[in-house]
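Everything below concerns the one structure shown next.
Index from 1, following the sequence.
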Amino acid sequence: MTEDGQNLLNVAPGAPHDSLMSETLSYVIGLALALVLTGISFWVASTSILWGPGVAVGLVVLAIAQMGVHLVFFLHITSGPDNTNNVLALAFGVLIVFLVMIGTIWIMAHLAANMGPTAQMMNLQMQH
């Protein structure tokens, strides 16, 4: 509680803050959550307590949680009507990243299939 009776935690994560202390506390909470999720991810990857195939599922869940923490606490993406442009910009960025990734994989796959040695070239090398 501050001296004027206002609670520092009365603002939802990602919403605009009314004081520097409240905003700083929000960033510290986001940092703490990100560090805890990172530490748990390293523990999940290095432990033998978890069932082998469950490790990948655990890491995916922790990665999604980590993305949520970053979106809310650091990028201030909320479900409010004033954040429509932020959400659309994020969706456009994700679309561009996926297009670049898929296009790169597609080009590399076709290059590997079309640029490899032909059967005739392999036969010539075997005969010599």
Side-chain angles (χ1 to χ4, degrees):
M1 301 291 274
T2 60
E3 56 273 359
D4 61 356
Q6 180 182 1
N7 191 353
L8 291 176
L9 297 176
N10 66 348
V11 179
H17 294 271
D18 54 354
S19 71
L20 181 63
M21 188 66 177
S22 176
E23 188 171 357
T24 304
L25 185 61
S26 174
Y27 281 119
V28 169
I29 291 171
L31 176 65
L33 286 172
L35 290 174
V36 166
L37 288 170
T38 302
I40 293 172
S41 297
F42 278 107
W43 177 78
V44 164
S46 65
T47 188
S48 61
I49 294 173
L50 294 176
W51 179 53
V55 171
V57 174
L59 289 175
V60 166
V61 168
L62 288 167
I64 292 171
Q66 184 86 271
M67 286 187 286
V69 166
H70 287 282
L71 287 173
V72 171
F73 285 97
F74 302 121
L75 296 176
H76 306 292
I77 302 291
T78 62
S79 60
D82 55 340
N83 278 325
T84 304
N85 287 338
N86 291 342
V87 172
L88 288 175
L90 178 67
F92 182 71
V94 169
L95 173 71
I96 295 300
V97 167
F98 278 119
L99 286 175
V100 168
M101 285 175 27
I102 291 170
T104 302
I105 292 170
W106 182 47
I107 288 170
M108 289 187 334
H110 280 81
L111 282 175
N114 295 328
M115 297 296 287
T118 62
Q120 292 173 346
M121 292 294 285
M122 292 302 286
N123 286 336
L124 285 175
Q125 289 179 354
M126 295 289 195
Q127 291 174 0
H128 291 292

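By the rule that hydrophobic residues join a cluster once side-chain heavy atoms approach within less than 4.5 Å of another member, Phe73 and Met67 end up as members of separate clusters. Trp51 and Val57 end up in different hydrophobic clusters when Ile, Leu, Val, Met, Phe, Trp and Tyr side chains are linked at under 4.5 Å. Val94 and Val97 fall within a single hydrophobic cluster, where Ile, Leu, Val, Met, Phe, Trp and Tyr side chains are chained together by heavy-atom contacts under 4.5 Å.
Here the straight-line distance linking atom CE of Met21 with atom OG1 of Thr24 works out to 7.0 Å at 0.5 Å rounding. Atoms CG and CD1, on Leu25 and Ile29 in that order, are 4.0 Å from each other to the nearest 0.5 Å. Rounded to the nearest 0.5 angstrom, Leu90 CG and Leu95 CG are separated by 11.5 Å.
Evaluation of the ring-ring contact (aromatic ring centres under 6.0 Å, His included) rule for Phe42 yields no partner, not counting sequence neighbours.
The two residues Ala45 and Val55 make their nearest non-hydrogen contact at CA-CG1, 4.3 Å. Residue Thr38 comes nearest to Gln66 through the heavy atom pair OG1-NE2, 2.9 Å, listed as atom of the first residue, atom of the second, then distance. Scanning all heavy atoms of the two residues, the minimum distance from Phe74 to Leu31 falls at CZ-N, 3.5 Å.
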CA sep, side-chain torsions, deciding dist, call: Trp43, Ile49, side-chain contact (heavy atoms from CB on, under 4.5 Å): CA-CA 10 Å; Trp43 177 78; Ile49 294 173; 4.0 Å; yes
Residues Leu75, His70; criterion side-chain contact (heavy atoms from CB on, under 4.5 Å); working and verdict: CA-CA 6 Å; Leu75 296 176; His70 287 282; 5.5 Å; no
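Side-chain contact between Val44 and Leu50 is present, with at least one heavy-atom pair separated by less than 4.5 Å. Contact check for Asn83 versus Ile77: no side-chain heavy atoms found under the 4.5 Å cut-off.
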